[in-house]
Amino acid sequence: MFDVKYIRKDFPILSREINGNPLVYFDNAATSQTPQQVIDVIVDYYSRYNANIHRGVHRLSQEATEAYENARATIQKHFNIAYPYEVIFTSGTTESINLIASGYSPSLKKGDELIISAMEHHSNIVPWQMLCEKTGAVLKVIPMTEQGTLEMNIYEDLLSERTKLVFVNHVSNALGTVNPIQEIIDKAHGFGAKVLLDGAQASPHIKADLQALDVDYYVTSAHKLCGPTGVGMLYGKSVLLNELPPYQGGGEMIASVTFEKTTYADLPHKFEAGTPNIAGGIAFGAALDYMNAIGFEKIAAYEAELLAYATNKLTKIEDLKIYGEAPQKTAVISFNVGRIHPYDIGSILDQMGIAVRTGHHCAQPIMDFYKIPGTIRASFSFYNTFEEIDLFEIGLRKAVKMLQ
Ligand SMILES: *Cc1c(COP(=O)(O)O)cnc(C)c1O
């Protein structure tokens, strides 16, 4: 049994009121809310054992190091990663992608090709464009269909011996499309190309088995899955990470330093220069523990019900058009109503305490594809309810009436 009333008690923020209305938080694709269990872990760290890790002989440093490394092990286990040192702590998805992009800069040459998809987040477009400018490599794009799925036949045509890297999001943050990642990985490997999956939008909903996928790199942010902001991870196969140059120089990432020559530390420290977000890393592990205690299968099943319920309600609203109707999608609905500007609807909903996102959702190419300035995006999480969707429908109908 999935007891959402019981689960909601874990999230203090969900009892907030906005303008006298109960908060309805439907912006989970931008960031998720944090349960008390995770907040407690952060408070406990700063209250009891705040210390720098890895270097100290004293008790607090040892406790902090142990908690931080335990969190790494939790992440490793969650994603079925072979070794803990294949988990690199970063500040989030964006930094993880930039780390890899910068790592490939010395080895790419003119005429090499990189493939991305038409439905990427800007953080999985811009670093690769910058890399292409620097190296002379060429960026190719897998186009998308009206339905919001990738044109897999064209992907096959784009692949060749020149392809070095393929970058695709596991789930689109703007449309909710779950991409056929296994097929993407297998086909790329057929040409010796490496694959990076942006898992930021997938990981709150789908527990990915990275060894089974045989993916080369996988990245995500803790704040999308009930953890804090400013911390995330990069998974990379150790054979590949060992070949990449370090990303940043500094403390923690060296084996020895002299003015003549510095040798680098082994994984994962080679990529973890400086004092990390220690409390954040520990809380990332706690967030995964929290979600695993509920169970990802239960979460996915419940969110699918929310999505079906909301989709059914919204499609009954006149002139409402949903963007992204892939057969496999997570609980995200991107839509517009007639010619009303998404921002206007979003503002009125906000007055009623309903939090949705409006705009291009950091995925402008998708909006260009549909020839629209943006959409309203309602994205659901396992702590949302059918009653909240009812409130959303009522609010939306009111807003549309006011604006028409
Ligand atoms: C949120 C998100 C990102 C960016 O994550 P940050 O935490 O801002 O670095 C990248 N890609 C997708 C698909 C996302 O949903």
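Counting starts at 1 for both ligands and their atoms, following the listed order. As the structure is a prediction and not an experimental result, all values here were calculated from the model.
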Would you verify whether the NZ or CZ of Lys187 falls within 45 degrees of the ring axis of Phe191 while also being under 6.0 Å from that six-membered ring's centre?
no
Which heavy atom of the protein is the closest neighbour of atom 10 (C) of ligand 1, given with residue, atom name and distance?
Ser123 OG, 3.2 Å
Is the shortest distance from a heavy atom of Gly232 to ligand 1 less than 4.0 Å?
no
Which segment of Asp198 sits under 4.0 Å of ligand 1 when only heavy atoms are counted:
side chain
Could you state the interatomic distance from CD (Glu120) to CG (Asn179), rounded to the nearest 0.5 Å?
7.5 Å
Give a yes or no on whether the ring-centroid distance for Phe89 and Tyr68 is below 6.0 angstrom.
yes
Would you say the ring centroid of Phe79 lies under 6.0 angstrom from that of Tyr235?
no
Looking at Asp390 and Lys313, is there a salt bridge between them, counting it only when a charged N and a carboxylate O are closer than 4.0 Å?
yes
His223: which of Thr31, Thr229, Thr93, Thr34 passes side-chain hydrogen bond (donor to acceptor under 3.5 Å, both in side chains):
Thr31
Ring centres of His78 and Phe284 under 6.0 Å apart?
no
So between His122, Glu95, His121, whose heavy atom ends up nearest atom 4 (C) of ligand 1?
His121
Are any of the N/O atoms in Ser221 less than 3.5 Å from those in ligand 1?
yes
Quick one: which of Thr94, Asn124, Leu197 has a heavy atom closest to atom 8 (O) of ligand 1?
Thr94
Would Glu120 count as a contact of ligand 1 if the rule is a heavy atom under 4.0 Å away?
no
Are any of the N/O atoms in Asn173 less than 3.5 Å from those in ligand 1?
no
Return the residue, atom name and 0.1 Å-rounded distance of the protein heavy atom closest to atom 1 (C) of ligand 1.
Lys224 NZ, 1.4 Å
